[in-house]
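Comments concern the structure below.
Excluded from the calculations below are hydrogen atoms, water molecules and symmetry mates; all remaining heavy atoms, backbone and side chain alike, are included.
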Amino acid sequence: MIVSKPSDHSAAQVTAPRITVIQNDRDVPMDRYAARLGPGVRLVLAFAGETIPAAGDLGDALVVLGGTMSAYSDDDAPWLPAVRDLLADAARSGVPALGICLGAQLLAVAGGGSVQVAAPPGREAGAAAIAWREAALADVVTGPALAAVSGGPGAAGTEATGAGGRSTEAVSAGAARVDVPGSGAAGADAVAVTRAVSMHADAVVELPDGATWLASSDMYPYQAFRWGSALGVQFHPEAGADLAARWAVEAGDVDVPAVVDDIEKHADETARFGDGLADAFVAAIRPAGSREQGTRE
C-alpha cells in the first residue's frame with residue numbers, strides 16, 4: 001500500500017502559528033510581511049469596518065500595522081479604542097504582539113504612555129539609522145533579529161531576560177531626548193545600528209510603566225520598546241522600497257527625491273533586518289499555555 005505524505009505546504013498550514021494582523025489603513029498594508037509571517041495569518045481590515053476580535057479569538061499572536069491617523073483619532077477611526085484594549089490585553093496576558101509605527105504608538109498609549117501628535121522634530125522619513133541598546137540583545141525578538149544581520153549581538157548563548165527581567169532597563173520616564181552625537185544614531189548606549197524604513201510625524205514621548213527601552217534614532221528616542229509580551233517599533237520593518245517611496249510621494253512634507261534615494265540606497269539593509277525581525281517574531285510564538293513574556297530560552 002502506498003501512503004502519500006502531506007506536502008510541505010500542507011504541513012506548514014498545520015504547524016504555522018495563527019497570527020491575527022490588524023490593518024488600520026488601506027495604504028499601509030502588510031506588504032513584504034504578507035508572505036513572511038506565514039500561512040497562518042488572519043487579516044482584519046479594520047479600516048473597512050471588519051470587527052476587531054476579542055483577546056480570546058486572536059490565535060497565537062497579534063500584529064497591529066500602521067496608519068495615517070494618530071493614536072488618539074478615535075472619531076475618525078472608531079475602532080482604535082478596541083485595538084488599544086486588545087494590545088493591552090495581549091501584552092498583559094502573554095500573547096506575543098508586534099505593534100508597527102501607529103501600532104507601537106497605540107501600544108504605548110494602551111499601557112499608560114503617551115504620544116505627541118505632529119512632534120516638533122518633524123517627519124522622520126527614509127531609511128533611518130536605528131541605534132539598539134544593550135537590552136535589545138536580550139529580547140526574545142530583537143536579540144535574534146540583530147544576530148541574524150550581524151552574526152554577533154544577540155547570538156546564541158547571550159544571557160536573556162525579558163520584560164520585567166532584572167538585567168533589562170525598565171523605563172517609566174518621559175520624553176527626554178537621547179543624545180546621539182557623531183556617527184548617525186550610534187550614541188554612547190548603542191550596541192548595534194541597523195537601517196529601517198521610517199515614515200512618521202507623531203512619536204511616542206512616554207513609555208508605559210515598566211516598559212523596556214530598546215532603541216532610538218537621531219530624531220526620536222523611542223524607536224523600539226517592549227511592554228509585557230508586546231514589542232513596539234516606530235519604524236516599518238514590513239515595508240519594501242516601492243511602498244516606502246509611495247509614502248514619501250504622498251506625505252507632502254518631505255524632499256521626495258532625497259528620501260526615495262535614501263530608501264533605495266539602503267533597500268537591501270532594511271529588507272534584511274525586516275526579514276530577521278519577522279522571522280524572530282514568528283519563532284518566538286508559542287501556543288497558548290506555553291507562553292513567556294519577552295524572554296529567550
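- Rounding to the nearest 0.5 angstrom, the gap separating the CG atom in Leu58 from the CD1 atom in Ile22 is 7.0 Å.
- Shown here for Pro53 and Val44, the closest heavy-atom pair between the two residues is CD-CG2, 4.2 Å.
- When the side chain to side chain donor-acceptor pair (under 3.5 Å) test is applied to Ser198, the partners found at least two apart in sequence or on another chain are Glu124.
- Between Phe235 and His200, the distance from one ring center to the other does not fall under 6.0 angstrom.
- You'll find the side chain of Phe225 stays beyond 4.5 Å of the side chain of Asp139, heavy atoms only.
- Asp253 is linked by a side chain to side chain donor-acceptor pair (under 3.5 Å) to Arg123, counting only residues two or more places apart in sequence or in another chain.
- A donor-acceptor pair is defined here as one N or O able to donate and one able to accept, closer than 3.5 Å; no such pair exists between the side chain of Ser73 and the backbone of Asp76.
- Considering only heavy atoms from C-beta on, Val109 stays 4.5 Å or farther from Leu87 through its side chain.
- Not a single donor-acceptor pair under 3.5 Å links the side chain of Asp60 to the backbone N or O of Pro17.
- Under the salt bridge (charged side-chain N to carboxylate O under 4.0 Å, His left out) criterion, no residue pair touches residues 104-115, with sequence neighbours excluded.
- The number of heavy atoms from other shown groups lying within 6.0 Å of CD (Glu269) is above 12.
- Side-chain contact between Val21 and Leu37: present, with at least one pair of heavy atoms (C-beta onward) separated by less than 4.5 Å.
- Scanning both residues, Ala224 and Val233, for their nearest heavy atoms gives CB-CG1, 4.1 Å.
- Each of Val141, Leu231, Thr142 was scored for a side chain to side chain contact (heavy atoms under 4.5 Å, CB included) with Phe281, with one residue passing: Val141.
- When only modelled atom types and interatomic distance are considered, Arg42 and Thr20 share a side-chain donor-acceptor pair under 3.5 Å.
- The same ILVMFWY cluster, assembled from side-chain heavy atoms under 4.5 Å apart, contains both Val149 and Val140.
- When the side chain to side chain donor-acceptor pair (under 3.5 Å) test is applied to Arg272, no partner is found at least two apart in sequence or on another chain.
- Ion pair Asp279/Arg36 flagged as a salt bridge, since at least one NZ, NE, NH1 or NH2 atom sits closer than 4.0 Å to an Asp/Glu carboxylate oxygen.
- Within the structure, ring-ring contact (aromatic ring centres under 6.0 Å, His included) contacts touching residues 86-133 (residues at least two apart or in different chains) are Trp132-Phe273.
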Please lay out, stage by stage, how Thr212 and Arg133 fare under the test side chain to side chain contact (heavy atoms under 4.5 Å, CB included). CA-CA 10 Å; Thr212 302; Arg133 300 165 64 84; over 6 Å; no
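- Inter-residue side-chain proximity for Ile100 and Glu238 is flagged as met; some heavy-atom pair is nearer than 4.5 Å.
- Residues Ile19 and Leu62 are not in side-chain contact: their nearest non-hydrogen atoms beyond the backbone lie 4.5 Å or more apart.
- Tyr33 and Leu243 are assigned to two separate hydrophobic clusters, defined by single-linkage of ILVMFWY side chains at heavy-atom distances under 4.5 Å.
- Ser229 places a side-chain N or O within donor-acceptor distance of the main-chain N or O of Val95, the cut-off being under 3.5 Å.
- Counted by atom type alone, Ser70 and Asp202 present zero donor-acceptor pairs between their side chains at under 3.5 Å.
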Would you check, one step at a time, whether the test side chain to side chain contact (heavy atoms under 4.5 Å, CB included) holds for Leu65 with Leu102? CA-CA 7 Å; Leu65 301 174; Leu102 172 64; over 6 Å; no
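- Residues Leu107 and Val117 share a single hydrophobic cluster, defined by chaining ILVMFWY side chains whose heavy atoms lie under 4.5 Å apart.
- Val28 and Ile52 are not part of a single hydrophobic cluster, where members link through side-chain heavy atoms under 4.5 Å apart.
- For residues 44-86, the set of pairs meeting the ring-ring contact (aromatic ring centres under 6.0 Å, His included) definition, not counting sequence neighbours, is empty.
- Under 3.5 Å, the side chains of Glu50 and Gln23 contain no donor-acceptor pair of N or O atoms.
- Nearest heavy-atom pair across Ala91 and Trp227 is CB-O, 3.5 Å.
- Taking all atoms of both residues into account, the shortest heavy-atom contact from Gly122 to Tyr220 is O-OH, 2.6 Å.
- A heavy-atom distance below 4.5 Å is not found between the side chains of Val204 and Gln223.
- In this structure a side-chain-to-backbone donor-acceptor pair under 3.5 Å is present from Arg195 to Ala127.
- Heavy atoms only, all atoms of each residue included: Leu146 and Ala136 are closest at CD1-CB, 4.1 Å.
- Counting only distance, with no hydrogens or angles, the side chain of Asp25 and the backbone of Thr68 share a donor-acceptor pair below 3.5 Å.
- Annotation: Asp242, atom CG; neighbour count of heavy atoms from other residues, nucleotides and ligands within 6.0 Å does not exceed 12.
- Between Leu98 and Val64, the closest side-chain pair of non-hydrogen atoms is not below 4.5 Å.
- Between Trp213 and Pro221, the shortest heavy-atom distance links the atoms NE1-O, 3.0 Å.
- Look at Arg84 and Asp74 and you find a salt bridge, because one of the NZ, NE, NH1 or NH2 atoms lies within 4.0 Å of a carboxylate O, short of that distance.
- Listed for the Tyr222 side chain is no donor-acceptor partner under 3.5 Å among the backbone atoms of Gly232.
- Under the 4.5 Å side-chain heavy-atom criterion for Ile, Leu, Val, Met, Phe, Trp and Tyr, Leu214 and Val115 are members of the same hydrophobic cluster.
- Contact annotation: the side chain of His266 approaches that of Asp262 to within less than 4.5 Å [non-hydrogen atoms, C-beta and beyond].
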